[in-house]
Amino acid sequence: MAKAETPKAIRGTQDMLGEQVERFQHVVSTFDRVRRLYGFQRVEIPVFEATAVFARSLGETTDVVSKEMYTFEDRGGDSVTLRPEFTAGLCRAYLTEGWQQYAPLKLATHGPVFRYERPQKGRYRQFHQLDAEVIGAAEPQADVELLALADQLLYELGIADGVTLQLNTLGDAATRDAWRGALVAHFEKHRGELSEDSLARLERNPLRILDSKDPRDRPVADSAPGIDAHLTSEAGAFFEAVIKGLDAAGVAWTRNDRLVRGLDYYRHTAFEFVTDRLGAQGTVLAGGRYDGLIEALGGPHTPAVGWAAGIERLAMVIEAPEAEKLDIVVAVEDDRATARAFKDVACLRRSGLMVDIIATGSARKRYDKATKVPAKSILSYVVREGLILTGFHGDGETVDRAKRLLPIEAHPVA
RNA sequence: GCGAUCGUAGCUCAAUUGGUUAGAGCGCCGGUUUGUGGUACCGGAGGUUGCGGGUUCAAUCCCCGUCGAUCGCCCCA
C-alpha cells in the first residue's frame, strides 16, 4: 500500500503550542479581566453569517468583498461568509435578537476571524481578535470609555510604553463630504507628483492617499488640507469632548490628521494604537465610531462605537508570561511501585493538585525526565528491601501539602 | 495578484571553487555510572537534501519549473 500523504495545513492558519499558547492565553485572560472592570458584558455570536451581513457593512469597497472574504455556498444554495470582523455580526444580532431593548449596550467578545489575504508578519488568514463595542450611545463619553478600556488593557499587558494612541476625527457627514472635496481638489492639482497606486486611489478611495507608504506620495499627502478647517461646529464640539475626556481619564494620545477610514459609515472618532515593533503590520488595536452602519443593515439610526485588536499581534509584543507549573511531578523509579504511585496520584489530583506522572521508559532515567518537567516539586518512588519508599524534593509548601494528603509510612511491595 | 529571500534528521544548524558512505548539538529509545539525585559515558533509531526536470564524469551546491515558508507591496473592514 502506498504511504498515505499527510495533508498540509491551510495557508495562513496557525497551530500553537507552548509559549505561543501561553502568550495568547495571557492576552485573552487579561482582556477578559479588564473588560469586566468597565462593565462590558461578554457575548457570543456565530463564526459565520449570511454574506449580506458583511457585504452590506462593507458597502462599495468591492475589492474587499469579492477578494478578501471567505465566502461559500452552503448545501441549500445560500451564500455564507466566515466573519472577517465582529462588528457587523454584533450589529446584526442587535437588530435580530431584540437587543435594542438593552441599549446602550456595552459588549465584549473574542475569537477567530477570517480574511483571504497573503500571510506576513502578524497577518494570517485565520487570526483572532478581541472586540469591544458600545451600541446605542451617541455621546462622546462612550468613545472615551472605550479608549480608556483599550488603554488600560495595553497597560496591563505591559506594552503601553511601546504603543502610541493615534487619534483623529472624521467629522459628521457634512464635514466628511466637504473635506473629501478639498482633498480631491488638492490631489487633482498635484496629479503629476503622485505614484501610480495613488492615482488609482484617487478614483476609488482618495482618502487613502493620505496614509500612502510610497515616498513619492509623502510631500503631496503631507501638504494636503487637514479636516479641521471643514469641521462643523457639532463635529468640532464632539471631538473636543472626546479629547477632554481622554485627558481627564489620563489616556495619552497624539493627533494624527492623516488617519482615515475607507468606509462612509464611519463618523467622528477614529483611532489606532500603533507599535513600531511589528514591521509593516504595526497596528495593534483600531476602531472608531460607526454611526451609519446599523442603518446600512436595515435598522433604525443607531450610533455606535467600537474597536478590535489582533490577539496574535499583541501576543508577539508582550513579554513572555511565566508558564504554569505543575504542583508535583511523580517519578516511578521501580515498576513494583507503579500501582502505589498511581493510587497516590489519583488522590492528589482529586485534592486539587496539578500532578503528572512518569512511569514509562527506562526506570533509572525517570527521575532525570521528571527534573525536566516544569513542576514545583518531585515525588519519587523507589523500592528498598521490599519496601516502597517515597521521597519529596522541591517547593516546601507544595511538599507539605502533599505529605498531609498521602500516607507517609513505607508500604511493602504487594 | 506582484516582488525579494529561503527550503538538509522531530528541532536548531554544518557539509571546502560542484567531488566519493550528507555530519553535529538538542530531543527520542536502550544500556552503563551516580543513588536523595537535574551528572557523565556507550550504543541505537531517524534523510529520496521540499518536489519535478536540466547541465555535468559527478549536484545539497549551478539552471528552469513547481510547491511551501518568511518578509515586503497591493489591500486593510
Side-chain angles (χ1 to χ4, degrees), chain A residues 3 5-14 17-18 49 53-70 81-91 113-125 127 129 131 195-198 200-201 204-205 207-208 211-215 217 259-266 270 272 274 278-283 286-288 290 292-293 296 306-308 310 313 329 331 333-334 358 360-375 377-384 389-394 399:
Chain A
K3 194 180 176 221
E5 206 170 302
T6 304
K8 32 187 193 213
I10 299 291
R11 181 196 295 258
T13 61
Q14 314 172 77
L17 180 72
E49 297 269 359
V53 170
F54 305 113
R56 198 92 42 87
S57 78
L58 293 170
E60 78 279 18
T61 40
T62 51
D63 235 36
V64 168
V65 173
S66 61
K67 289 192 196 155
E68 310 207 356
M69 295 204 309
Y70 270 94
T81 296
L82 302 182
R83 63 183 178 206
E85 55 155 357
F86 281 100
T87 307
L90 287 168
C91 290
V113 290
F114 305 83
R115 297 180 184 182
Y116 194 87
E117 300 182 293
R118 206 163 182 97
Q120 49 184 281
K121 192 179 189 68
R123 188 181 238 201
Y124 307 93
R125 287 188 173 180
F127 62 110
Q129 284 188 334
D131 189 276
S195 66
E196 312 79 63
D197 282 335
S198 282
R201 290 185 184 113
R204 309 191 312 271
N205 203 352
L207 297 198
R208 279 288 165 207
D211 51 17
S212 168
K213 288 172 188 162
D214 194 317
D217 291 329
L259 179 63
V260 293
R261 288 284 115 94
L263 301 171
D264 280 338
Y265 56 72
Y266 280 101
E272 294 186 5
V274 181
L278 287 177
Q281 308 296 331
T283 298
Y290 51 93
L293 173 57
W307 56 251
R313 291 189 190 177
V329 59
E333 299 187 85
D334 189 307
I358 295 175
T360 59
S362 172
R364 59 198 323 164
K365 286 186 178 169
R366 291 179 198 161
Y367 191 90
D368 278 1
K369 267 198 215 170
T371 64
K372 288 173 187 164
V373 174
S377 64
I378 298 175
L379 170 55
S380 69
Y381 287 75
V382 295
V383 175
R384 286 281 139 64
L389 304 178
T390 59
F392 276 103
H393 309 270
V399 169

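Predicted, not measured: the structure shown is a model, and the values here were computed from it.
Taking atom C1' on both nucleotides, B/rU17 is separated from B/rA58 by 15 Å, rounded to a whole Å.
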Check: protein-nucleotides 10-13 of chain B nitrogen or oxygen pairs below 3.5 Å:
none

Please write out the pairs of protein N or O atoms and N or O atoms of nucleotides 32-42 of chain B separated by less than 3.5 Å, giving the distance to one decimal.
residue, atom, partner, partner atom, Å
B/rU32, OP2, A/Arg364, NH1, 2.8
B/rU34, O4, A/Arg364, NH2, 3.4
B/rG35, O6, A/Arg364, NH2, 3.1
B/rG35, N2, A/Glu333, OE1, 3.2
B/rU36, O2, A/His393, NE2, 2.8
B/rG37, N7, A/Tyr367, OH, 3.3
B/rG37, N7, A/His393, NE2, 3.0
B/rG37, O6, A/Ser380, OG, 2.9
B/rG37, O6, A/His393, NE2, 3.1
B/rG37, N1, A/Glu333, OE2, 3.4
B/rG37, N2, A/Glu333, OE1, 3.4

Distances for protein N/O vs nucleotides 66-70 of chain B N/O pairs under 3.5 angstrom?
residue, atom, partner, partner atom, Å
B/rG68, OP2, A/Arg11, NH2, 3.4
B/rA69, OP2, A/Arg11, NH1, 3.4

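Salt-bridge formation is detected for the pair A/Glu272/A/Arg261: a Lys NZ or Arg NE/NH1/NH2 atom is positioned less than 4.0 Å from an Asp or Glu carboxylate oxygen.
For A/Leu263 and B/rC75, the CG to C1' distance is 12 Å, given to the nearest whole Å. For the pair A/Arg115 CZ and B/rC74 C1', the interatomic distance rounds to 15 Å; values are reported in whole Å. Straight-line distance from the CD atom of A/Gln281 to the P atom of B/rC76: 13 Å, rounded to whole Å.
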Pairing pattern in dot-bracket form [Watson-Crick, G-U; both distances under 3.5 Å; | = partner strand] for RNA chain B: (((((((..((((.....[...)))).(((((.......))))).....(((((..]....))))))))))))....

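In this view, A/Asp368 satisfies the salt bridge (charged side-chain N to carboxylate O under 4.0 Å, His left out) rule with no residue, not counting sequence neighbours. Qualifying side chain to side chain donor-acceptor pair (under 3.5 Å) partners for A/Asp197, counting only residues two or more places apart in sequence or in other chains: none. For A/Val399, the side-chain contact (heavy atoms from CB on, under 4.5 Å) partners at least two apart in sequence or on another chain are A/Ser377, A/Phe392, A/Lys403. In terms of the side-chain contact (heavy atoms from CB on, under 4.5 Å) criterion, residue partners of A/Glu68 (sequence neighbours excluded) are, by chain and number, A/Glu117. Contacts of A/Gln281 classified as side chain to side chain donor-acceptor pair (under 3.5 Å), with partners at least two apart in sequence or in another chain: A/Gln120, A/Arg313. When the side chain to side chain donor-acceptor pair (under 3.5 Å) test is applied to A/Asp217, the partners found at least two apart in sequence or on another chain are A/Ser195, A/Ser198, A/Ser212. Remark: A/Thr81 engages A/Thr51, A/Thr71 in a side chain to side chain donor-acceptor pair (under 3.5 Å) (not counting sequence neighbours).
Sequence order on RNA chain B of the closest nucleotides to A/Ala280 and A/Arg201 puts A/Ala280 first from the 5' end.
Nucleic acid contact class of A/Glu68 (heavy atoms, under 4.0 Å, all strands): base. Residue-level contact check: A/Tyr265 touches neither bases nor backbone, having no heavy atom under 4.0 Å from any strand.
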statement: Once base and sugar-phosphate atoms are separated, protein heavy atoms under 4.0 Å mark nucleotides 45-51 of chain B, 5' to 3', with B, S and - as -------

